[in-house]
Amino acid sequence: METLTLTRPDDWHLHLRDGAILKAVLPDTARRFARAIVMPNLKPPVTTVAQAAAYRERILAAVPTGMAFEPLMTLYLTDNTPPAEIDAARDCGFVHGVKLYPAGATTNSDAGVTDLLKCAATLARMEALGLPLLIHGEVTDPAVDVFDREAVFIDTVLSPLLKDFPALKVVLEHITTREGVQFVATAGRNVAATITAHHLLLNRNAIFVGGIRPHHYCLPILKRETHRQALVAAAVSGNPKFFLGTDSAPHARSTKEAACGCAGCYTAHAGIELYAEAFEAAGALDRLEAFASFHGPDFYGLPRNAERITLARWSWPVPASQTMLAEDPLVPLRAGEAVAWRLDLTE
Ligand SMILES: NC(=O)N[C@@H](CC(=O)O)C(=O)O
Ligand SMILES: [Zn+2]
Ligand SMILES: [Zn+2]
């Protein structure tokens, strides 16, 4: 059987939620990844170092015995985040980024930034201290076509931001377009991007196969095939600006299969295996390790992991759903279908 051994990867963009959901989903991530950048879009959001410390403790308490997992915490930027909070974040040692959600852009972003000008002093402090700004890169203007919101964000928000703060470390999260790839590739070394497995594997037709598929609805929304191909080319290029971020985003089934369903795909159950599929399809399995395990820690200034994991080319069926909340399960990506690679747990 074909196997692939690589340095244990990290997930540089992950939603773990809190409470019962956190306990239900964390084992999927901890089994595969050594560390993860944990998104702060809880209700209410994680806006202070004190809240991040408490959330970190809840995550650590939910790690199953026998597993090692390090949560890398983030703060949720608001119009009112004071520069002093950035100093506290740098000093505490466990906060590794500050997340920009344009207000209203995505799930739990209502407390996000309404005007970046209000954050100028705070952004200047981040630039000075080298604390990365992690960006959900979509404009929120409903007049802008939903498929264009990333490209318009890059032109109207991100480019001007980097002119004002040229040394600010930026991760453009979950990029979905050719424009996103080109912008990051040609920007300075302080600008990088995460790419999800579902954006590497699916184009926007997947939302409408034989009917509407709410479990393929995420933000930024899946784009057309030419954009998917640009993302694959970037991921397998070996360019250290691009690295793994699953954006695994658990939502209970009832909130996805609804008249107005939530945005987010759950992929942590196959968090590295789905990337192996995408890299294999591109004939680039030998490039997976750098994308999944080297480029992220190098950008964040953290050590690479020492342990290794082994994947086997061994198809396994994804269950139709998995337990999350008492009456309301989670429907993972590929539910009821197969994933071609699996984690070799015998290793
Ligand atoms: N990606 C999504 O569609 N949803 C994420 C939020 C986000 O990352 O934008 C979520 O928190 O559910
Ligand atoms: Zn996002
Ligand atoms: Zn996300």
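Start at 1 and go down the list; that is how both ligands and their atoms are numbered. Keep in mind that the numbers below use all heavy atoms, side chains included, and drop hydrogens, waters and symmetry copies.
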Worksheet item: Quick one: does His13 get a heavy atom under 4.0 Å from ligand 1?
Response: yes
Response to the item:
atom 7 (C) of ligand 1: closest protein heavy atom, distance to 0.1 Å, is Thr106 OG1, 3.4 Å
Worksheet item: Does a side-chain heavy-atom distance below 4.5 Å link Pro44 with Tyr76?
Response: no
Discussion item. I need the atoms of ligand 1 closer than 4.0 Å to a non-hydrogen atom of Thr107, numbered in the order shown.
Written reply: 4 (N), 10 (C), 11 (O), 12 (O)
Discussion item. Is Arg17 close enough to touch ligand 1? Criterion: a residue heavy atom under 4.0 Å from a ligand atom.
Written reply: yes
Discussion item. Applying salt bridge (Lys or Arg N to Asp or Glu O under 4.0 Å) to Arg204 and Glu225, what does each step give before you reach the verdict?
Written reply: CA-CA 7 Å; Arg204 64 191 191 177; Glu225 175 64 9; over 6 Å; no
Worksheet item: With a 4.0 Å cut-off on heavy atoms, is Asp247 touching ligand 1?
Response: yes
Worksheet item: Can you tell me the protein heavy atom closest to atom 5 (C) of ligand 1 and the distance?
Response: His15 NE2, 3.6 Å
Worksheet, complete the sentence: Taking only non-hydrogen atoms of Ala249 and a 4.0 Å limit, the atoms of ligand 1 in range are 5 (C), 10 (C), 12 (O)
Item to complete: Give the residue, atom name and distance (to 0.1 Å) of the protein heavy atom nearest atom 3 (O) of ligand 1.
Response: Leu219 N, 2.8 Å
Discussion item. To make sure I understand the geometry: which N, O or S atom in Asp247 is closest to the Zn ion (ligand 3)?
Written reply: OD1
Worksheet item: For ligand 1, which atoms, with element, lie under 4.0 Å from some heavy atom of Cys218?
Response: 3 (O)
Worksheet, complete the sentence: Between Pro160 and Val157, the two heavy atoms sitting closest are CD-O, 3.4 Å
Worksheet item: Considering only N, O or S atoms, which atom of His174 is nearest to the Zn ion (ligand 2)?
Response: NE2
Discussion item. Suppose we call two aromatic rings close when their centres sit under 6.0 Å apart. Are Tyr300 and Trp12 close by that rule?
Written reply: yes
Worksheet entry | Met39 to ligand 1, any heavy atom closer than 4.0 Å | no
Discussion item. If the test is side-chain hydrogen bond (donor to acceptor under 3.5 Å, both in side chains), which one of His199, Arg149, His227, Glu150 qualifies with Thr177?
Written reply: Glu150
Practice prompt. Heavy atoms only: give me the nearest Phe242-Val181 pair and the separation to one decimal.
Written response: CZ-O, 3.7 Å
Worksheet entry | Those atoms of ligand 1 less than 4.0 Å from some heavy atom in His174 | 8 (O), 9 (O)
Fill in: NZ or CZ of Arg213 within 45° of Phe208 ring axis and under 6.0 Å
no
Worksheet item: Testing Arg313, Arg32, Arg334, Arg31 for salt bridge (Lys or Arg N to Asp or Glu O under 4.0 Å) with Glu273, which one passes?
Response: Arg32
Discussion item. Tell me the contacting part of Asn41 for ligand 1: side chain, backbone, both, or neither, using a 4.0 Å heavy-atom threshold, strictly below.
Written reply: side chain
Discussion item. For atom 4 (N) of ligand 1, what's the nearest protein heavy-atom neighbour? Residue, atom name and distance, please.
Written reply: Ala263 O, 3.1 Å
Discussion item. Show, in sequence, the C-alpha distance, side-chain angles and deciding distance for Asn108 and Tyr101, and conclude whether the side-chain hydrogen bond (donor to acceptor under 3.5 Å, both in side chains) test is met.
Written reply: CA-CA 9 Å; Asn108 299 348; Tyr101 291 102; over 6 Å; no
Discussion item. The Zn ion (ligand 2) and His136: any N/O/S contact shorter than 2.8 Å?
Written reply: yes
Discussion item. Looking only at distances, can you tell me whether any N or O atom of His251, backbone or side chain, sits closer than 3.5 Å to an N or O atom of ligand 1?
Written reply: yes
Item to complete: Please lay out, stage by stage, how Asp79 and Thr114 fare under the test side-chain hydrogen bond (donor to acceptor under 3.5 Å, both in side chains).
Response: CA-CA 7 Å; Asp79 289 349; Thr114 61; 2.5 Å; yes
Worksheet item: Under 6.0 Å from the six-membered ring centre of Phe299 and within 45° of its axis: does the NZ or CZ of Lys169 meet both?
Response: yes
